[in-house]
Amino acid sequence: MVPTSKADRKAALDVASWMFNVVTSVGIIMVNKALMATYGFSFATTLTGLHFATTTIITVVLRWLGYVQPSHLPVPELLKFAFFANLSIVGMNVSLMWNSVGFYQIAKLCMIPVSCFLEVLFDKVRYSRDTKLSIVVVLLGVAVCTVTDVSVNAKGLIAAVIAVWSTALQQYYVHFLQRKYSLGSFNLLGHTAPVQAASLLLLGPFIDYLLTTKKVYAFDYNVISVFFISLSCIIAIGTNLSQFICIGRFTAVSFQVLGHMKTILVLFLGFFLFGREGLNLQVVLGMILAVAGMIWYGNASSKPGGKERRTPTDKSHKNRSLSDSEQLDEKV
């Protein structure tokens with residue numbers, strides 16, 4: 001049944017955008033897991049550079065075909081975004097290397113309160129008590145699912161703090177740039193992907209060597225490993241695009257809350273695809289808590305006063321700008 005009203009159409013596009021993000025994000029994690037764990041390609045930063053290089057090619061082709069209209073993004077804004085985005089990628093990789101899995105997961109959970117702080121500070125957002133409690137339930141559920149060991153060291157803590165803040169700033173900045181310059185997701189990706197591709201492919205091999213003591217150029221590129229690298233790059237196009245679409249539609253906090261559904265799916269699929277032990281009581285309990293928290297968050301934040309901006313003019317401007325952005329996304 002085709003949605004008739006504007007609200008129904010928006011809801012359908014929200015669901016489609018989110019499902020697109022979930023499928024591509026979980027898919028690329030599974031492919032990368034096989035690539036790194038099975039075939040030993042542990043060069044995460046360089047691989048991310050290849051992802052953005054592939055995405056750049058697609059955006060150039062679409063622009064040449066006329067599916068993406070020319071747009072403008074000031075160079076200082078572009079460089080700031082690339083700095084936060086690349087720092088996020090490197091910070092997450094270093095945090096995972098220097099910290100235990102438990103502390104790494106706890107650090108990722110901290111992105112929700114940091115994103116909330118950024119929205120309160122810059123967008124003057126106010127959250128109701130129910131919305132705040134629902135976020136706590138989501139955090140608790142994912143923590144129960146993922147945290148098995150926690151150890152802290154000084155350099156690991158610094159890496160985690162840098163990773164969390166840079167990731168939260170990058171996700172907030174996606175929403176800010178789309179709103180301020182009325183950019184569609186493909187337009188923004190067309191501006192940022194080339195810069196990230198060039199910088200990550202230039203610095204990636206050196207960073208990966210520092211993290212793994214292995215040289216990316218000395219890797220045995222056989223047919224199977226090249227196939228998985230190519231598959232990872234193809235899926236990354238959808239992952240990069242869907243992230244920009246979702247943050248533009250849902251804001252950074254909502255994106256983080258809904259994003260923990262991917263954590264649960266990755267856990268669930270990992271048990272079956274990579275020979276992990278079966279679901280235990282702790283994981284099941286955590287999944288139930290997280291899903292309940294996400295449902296609660298959706299209901300609480302959509303109610304009057306659940307999540308609102310203090311300045312009506314800013315809100316109307318945002319809605320108008322996002323409407324332009326959504327129309328561009330729908331055309332693509």
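The structure displayed is predicted, hence computed values, not measured ones. Because only heavy atoms are used, hydrogens play no part in the values below, and waters and symmetry mates are left out as well, while side chains stay in.
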Count the heavy atoms belonging to other residues, nucleotides or ligands that lie under 6.0 Å from [atom1] of [X], then report whether that count exceeds 12.
| X | atom1 | result |
| --- | --- | --- |
| Y221 | OH | yes |
| Y209 | OH | no |
| I224 | CD1 | no |

Is a donor on one side and an acceptor on the other found under 3.5 Å between the side chain of [X] and the backbone of [Y]?
| X | Y | answer |
| --- | --- | --- |
| T48 | A44 | yes |
| S166 | A163 | yes |
| T38 | L35 | no |

Gap between atom OG1 of T46 and atom CG of L201 - 0.5 Å precision: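 Taking CG in L201 and OG1 in T46, the distance rounds to 7.0 Å.
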About how many Å separate CG of L62 and CG of N187, when rounded to the nearest 0.5 Å? 11.0 Å
Residue pair V68 / T59, side-chain heavy-atom distance below 4.5 Å: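 Heavy-atom side-chain distance check fails, nothing below 4.5 Å.
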Acceptor/donor pairs from residues 82-92 side chains to any protein atom, 3.5 angstrom cut, sequence neighbours excluded:
| from | atom 1 | to | atom 2 | distance (Å) |
| --- | --- | --- | --- | --- |
| N86 | OD1 | Q196 | NE2 | 3.4 |
| N86 | ND2 | A82 | O | 3.4 |
| N86 | ND2 | S199 | OG | 2.7 |
| S88 | OG | T167 | OG1 | 2.5 |

Member of E77, H72, H191 meeting the side-chain hydrogen bond (donor to acceptor under 3.5 Å, both in side chains) criterion with Y181: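 Of the listed options, the one satisfying the test is E77.
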If we count only N and O atoms by modelled type, under 3.5 Å, do the side chains of D123 and Y172 hold a donor and an acceptor together?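 The criterion, which ignores hydrogens and geometry beyond distance, is satisfied for Y172 and D123.
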Sequence neighbours excluded, the answer for salt bridge (Lys or Arg N to Asp or Glu O under 4.0 Å) partners of K132 is none
